[in-house]
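First comes the structure, then the notes that go with it.
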Amino acid sequence: MEKIESGKIDISPQPIEIMPLVEQTLEANSSYGEQLRVRFALSQALPGVMVLADNGRLMQVLTNLLSNAAKFSPADDVVSVSVKRSGESVRVAVSDHGPGIPEEFRGRIFEKFSQADSSDARQKGGSGLGLSISKALIERMGGSIGFESQPGKGATFYVDIPEWQEQRTAEHRRKRDPRRPRVLICENDHAMAGYLSALLDEGGFSSDIALDAVHAKWLLNNGHYVAMTLDSILPDQSGLSLARELYLKKHTHSLPIVVVSDCADQARESLGGDMHSVVDWLGKPVDGNRLLAAVRRIVQQNQLPRILHIEDNQDTASMVRELLSDLADVTVSVDMEDAKFRLARETFDLVILDLLLPDGFGTDILTHIKDVRSRPVPVVIYSVYPVSEEMARRVAAAFVKSETSPDQLRETICLFLDSACLVDIKV
Ligand code: ADP
């Protein structure tokens, strides 16, 4: 649950056919059902229909619904599963004839550690986490979860998963093209979000939409964005407090934000002038040209090559950042975990590596560094200790801190950055 909430869980929605997935999940759970003398039966199917979902995570969610239904069913009963369309989604519903959900418990059912009756855990087993995890997972896939129940007559739990339609494929591909700079649209108003997305698409950007602050933070944790447009009014947090929160976080400190607000001038005043990440303010209705100009300006400024500095010593990290400030945009990871997390999601032109890190040995990261634009990413070791000759051959350069002047380090990095980035800088 913590991993989902902090965004440290991989969820990659892809087009998949729904029926084989449902059938496979029923099959995988049938022996659990047999143990409880409950049979799972498919009552309605939707052959050939595709959804946009993460295969493994969706199976995990359905497994949870099936096991709950089986746990609460009377012996020798049937749990029925139906798959049908519901608006633009596909609904998979799991129905049982158990005790149902008591009225007073309904508001809490998706909360963590919640069980209708504290004796449930002892009678039926479980932690009260299954449904809250299911809810988090399905929402991260852009779907939703819900239930209907008549106490005493059973319960139907369902998930709605966005349907994948072939005609949307070309547009989707273009919008997701990894070569396009990606902008996060954080916007409460669906129609406005759609408009901004179409505008950015025409301007050559790809975009993702977050309808609230929680979703925006999750997306920011999981992907790299060149900029963000921010509605000043969001359902779960004010846009300005979100901007401030992002500014105070290491990972999003320098994310450029364009605030889109009904009352831009007022919002601007209330934020004050100290937040350098807010680069523009646009009133509604949005002037499309001005928005595109603002985002283009940001992207041009961001053409500096990116360096990941994996270093737990703050003084060294600040010294290096200062030393290279005009050459590169330096991001610091203080441990291996953070470094791996970033390397999996972001693109860097060069990596500077310390050897002794709180959670491991720096060189173990080498296998996580993927080539960028089909060229290997140069790695420069900068550490208190010397490295073996074999290791020195595997990296672009290896420096011992006490034996290296800042100028030497800068010169070498400059050299490797030049060969790594020259082609791209002129964009
Ligand atoms: P657990 O691990 O306890 O099953 P869940 O989050 O999956 O955790 O479920 C939380 C609680 O919701 C259960 O303990 C039970 O009180 C109630 N519940 C879930 N599914 C059903 C169902 N099909 N019928 C009746 N009660 C249910």
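Start at 1 and go down the list; that is how both ligands and their atoms are numbered.
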What atoms in ligand 1 come closer than 4.0 Å to a heavy atom of [X]?
{"X": "K71", "answer": "1 (P), 4 (O)"}
{"X": "L129", "answer": "6 (O), 8 (O)"}
{"X": "F157", "answer": "20 (N), 21 (C), 22 (C), 23 (N)"}
{"X": "N64", "answer": "7 (O)"}
{"X": "I109", "answer": "12 (O)"}
{"X": "G100", "answer": "25 (C)"}
{"X": "G130", "answer": "5 (P), 6 (O), 7 (O), 8 (O)"}

Flag side-chain contact, heavy atom, 4.5 Å: P151 against R106: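 A side-chain contact exists here, since the closest heavy-atom pair is under 4.5 Å.
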With the threshold set at 4.0 Å, does a side-chain nitrogen-carboxylate oxygen contact exist between [X] and [Y]?
{"X": "R297", "Y": "D280", "answer": "yes"}
{"X": "D231", "Y": "K284", "answer": "yes"}
{"X": "R306", "Y": "D349", "answer": "no"}

L131-ligand 1 polar pair, N/O distance under 3.5 Å: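 Looking only at distances, the answer is yes, because the N/O contact criterion of under 3.5 Å is met.
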Does S132, backbone or side chain, put an N or O under 3.5 Å from an N or O of ligand 1?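 N/O-N/O distance under 3.5 Å: no.
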Please answer whether the main-chain N or O of L184 pairs with a side-chain N or O of S207 as donor and acceptor at a distance below 3.5 Å.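 Checked: no pair found.
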So is S73 in contact with ligand 1, going by heavy-atom distances below 4.0 Å?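 Contact absent.
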Would you please determine whether F105 falls within less than 4.0 Å of ligand 1 on a heavy-atom basis?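 The answer is yes: ligand 1 sits under 4.0 Å from a heavy atom of F105.
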Ignoring hydrogens, just give me the one of V94, L65, I101 whose non-hydrogen atom is nearest atom 25 (C) of ligand 1.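 Minimum heavy-atom distance to atom 25 (C) of ligand 1 goes to I101.
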Could you state the interatomic distance from CD1 (I352) to OH (Y382), rounded to the nearest 0.5 Å?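 Going from CD1 on I352 over to OH on Y382, the span is 9.0 Å.
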What residues form a salt bridge (Lys or Arg N to Asp or Glu O under 4.0 Å) with E245, not counting sequence neighbours?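 Residues passing salt bridge (Lys or Arg N to Asp or Glu O under 4.0 Å) with E245: K217, K249.
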Mutual orientation of the aromatic rings belonging to F147 and F110 [parallel < 30°, tilted 30-60°, perpendicular > 60°]: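 Correct class here is tilted.
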